[in-house]
Amino acid sequence: MNLTQNTTKIYFDVASIRKDFPILSRTVNGRPLVYFDNAATTQKPQVVIDAITKYYTHQNSNIHRGVHYLSQVATQAYEDSREKIRAFINAEKNHEVIFTKGTTDGINLVANGFGRKFIGAGDEIVISELEHHSNIVPWQMLCEEKGAVLRVAPINEVGEIVMEELLKLLSPRTKLVAISHVSNALGSVNPIKEIIKKAHDLNIPVLIDGAQAIQHTKVDVQDLDCDFYVFSGHKLFASTGVGILYGKEEFLNKMNPYQGGGDMIKTVTFEKTTYNELPHKFEAGTPHIEGGITLGTAIDYVNSIGLENISAYEQELLEYATEKLSQLEGIRFIGTAKEKASVISFLIDGVHPYDLGVILDKMGIAIRTGHHCTQPLMQKFNIPGTARASFAFYNTKEEVDVFIASVIKAAAMLK
Ligand code: 7TS
C-alpha cells in the first residue's frame, strides 16, 4: 500500500483518498490544482457524484406524495438518508433532523420559527464577535422587528471567546445564545459544551452554527445538549443547496413553521390550516431530494474514513503549515487560538491579501481572501481582510510545500 509519506503517524492512505476526488487531479492555469478553500466549500468524492447520477438515472420522482413505485423509492432513499444523518450527529429522534437549504437557511428558520414567537421587546440574544454574517444578520433582523437587543461577547487577541465576558451577558432577559462551533475566519474551536451548560443553568436555549465543525470533528448533539445545531451539506462533501437543522423535539414542536406550502400541512381549508408533524412541518415544498439523499452518501464516505482519523490528520497538516508559514518574513497570523480547526488566516507585511490570492491562483492554488463574511471580526482586528488557507483530509504536506514556495514567490513579486 502506498501510505502517506512525511507523516509521523498513518491515519489513512491519502494518495488513494485523493483518487476518490476526481477534481483533485485537474490542472488550473497549467498547474496541478492545490485546493485550499475547503472552508468555502469542499470537493465531492466520486461516490457522491455517482449517487447523484444514479438518482436522476433510476430514482427521480417527487417524495411523500406518490403511490407509484418511483415516488416510493425516492421517498425511502430520502428518509434513509435522514436516518443516516440522525446517527451521524447522534440525535435521539429521526424527526429532530430537518432538511434545509444550508446553514444560513437553518439559522433563518430558527430566527423566524422560534425567535418571532418567543423573543419580544427588551429580550436579548447573545452571539460572539467571531460569528459569520449568517449568524448575525438574521438575529439583527429579528431584533429590529421585535425591539429585542443583540449582545455580543468579545474575543481576545488570539481569537478565543472571553468566557467571563460571555457569562456576564447572560441574564433573565437572554432568550437565546447563538454561537459558532468553529470560526470560519480564524479556525478557533469554541468551548460550546461549556457555553451550553452555563446557558442551560439559566434556562437559556442555545443554537450552534456547525458549518465549520461538522466536517472536522465528531458532533454528538445529545452529549453537547445543544437545542439547535445547523450545518451545510456542501461543506461535508455533498451538494450545495442542502443542509440540516437539528432541533430538540420539545422546541421544534413549540415553534411556528417557517414557510407555508405543500407537505407541511395536515389539513387546509380557506378558514384554517393545521400543520403536519415533525419533521414535515418545517419542510414546505419540494425539497432538494437528490441533495438530501446524497448527503447520506457523503456521510457514509466520511464514516468509512473515520472522523477521528480525519481530525488527527488535519491537525498534523495544520501544525505543519503553521510552522512553515511562521518562518516567512513579515507574516502575521490572524487567529492563534489554542484549539483550532484546519484554517489559517494570515497577512504578510506590505502585501495585500487580494493580490496574493490572484497570484496564487495563477499558480493553480485556490485560497480565499477578503473578510470571509465576518466584517465585524475584521473591524475588531482593524484589518480589511486576510488570506485564508483551509485544509481538508485530501490535502497533503506536499501541497503545503508548494503553497509555501508559491507564497514566498508571490510576496517577493508584490513587495
Ligand atoms: N456559518 C459559518 C461559520 C460559515 O463558515 C458559513 C459559510 C456559514 C455559516 C454559511 O453557510 P452557507 O452554506 O449557508 O453559506 N462560510 C463560508 C466561508 O468561510 N467561505 O465561504 C462560505
Side-chain angles (χ1 to χ4, degrees), residues 35-44 85 98-112 127-141 152-153 155 159-161 177-192 195 206-217 219 226 228-246 258 287-288 291-292 295 298 334-335 337 339-346 353-354 357 361 366-378 385-392:
Y35 185 78
F36 282 177
D37 195 17
N38 293 286
T41 198
T42 53
Q43 299 302 346
K44 318 306 170 200
I85 296 157
I98 312 290
F99 281 108
T100 63
K101 285 192 292 179
T103 306
T104 305
D105 193 38
I107 296 172
N108 278 277
L109 191 162
V110 177
N112 282 274
I127 61 170
S128 85
E129 276 182 330
L130 51 66
E131 300 310 314
H132 186 279
H133 293 164
S134 59
N135 198 28
I136 302 173
V137 184
W139 308 120
Q140 267 176 341
M141 292 163 78
V152 185
I155 56 164
E160 294 162 340
I161 292 173
V177 174
I179 295 280
S180 53
H181 193 164
V182 171
S183 155
N184 69 315
L186 309 178
S188 325
V189 179
N190 297 319
I192 55 166
I195 293 171
V206 182
L207 174 141
I208 302 296
D209 169 355
Q212 297 293 345
I214 196 80
Q215 65 282 52
H216 298 301
T217 186
V219 171
C226 53
F228 303 103
Y229 195 101
V230 289
F231 63 91
S232 300
H234 72 96
K235 295 189 202 279
L236 186 58
F237 318 102
S239 298
T240 54
V242 68
I244 295 297
L245 161 66
Y246 158 79
Y258 174 34
H288 188 354
L295 176 53
I334 308 296
E339 299 285 326
K340 269 189 76 170
S342 52
V343 172
I344 304 179
S345 257
F346 64 97
Y354 175 80
D361 177 55
I367 61 161
R368 186 166 170 189
T369 65
H371 56 64
H372 315 297
C373 300
T374 56
Q375 283 184 4
L377 179 63
M378 297 296 119
T386 72
R388 182 187 72 181
S390 51
F391 312 118

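Counting starts at 1 for both ligands and their atoms, following the listed order. These values consider heavy atoms only, across backbone and side chains, with no hydrogens, waters or symmetry-generated copies. Just so it is clear, the model here is predicted, and its values are computed rather than measured.
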Neighbour list for ligand 1 [protein residues, heavy atom under 4.0 Å]: Ala39, Ala40, Thr103, Thr104, His132, Ser134, Asn184, Asp209, Ala211, Gln212, Ser232, His234, Lys235, Arg368, Arg388
Partner residues of His132 under the ring pair (Phe, Tyr, Trp, His ring centres under 6.0 Å) criterion, sequence neighbours left out: none
Counterpart residues, ring pair (Phe, Tyr, Trp, His ring centres under 6.0 Å), relative to Phe228 (two or more places apart): Phe114, Phe251
Nearest non-hydrogen partners of Thr103 and Ser232, listed with the distance: OG1-OG, 2.5 Å
Aromatic plane relationship, His371 with His133 - under 30° parallel, 30 to 60° tilted, over 60° perpendicular: tilted
Qualifying side chain to side chain donor-acceptor pair (under 3.5 Å) pairs with a residue from residues 235-244, counting only residues at least two apart or across chains: Ser239-Glu290
Minimum-distance pair of heavy atoms, taken over all atoms of Trp139 and Val110: CH2-CG1, 4.1 Å
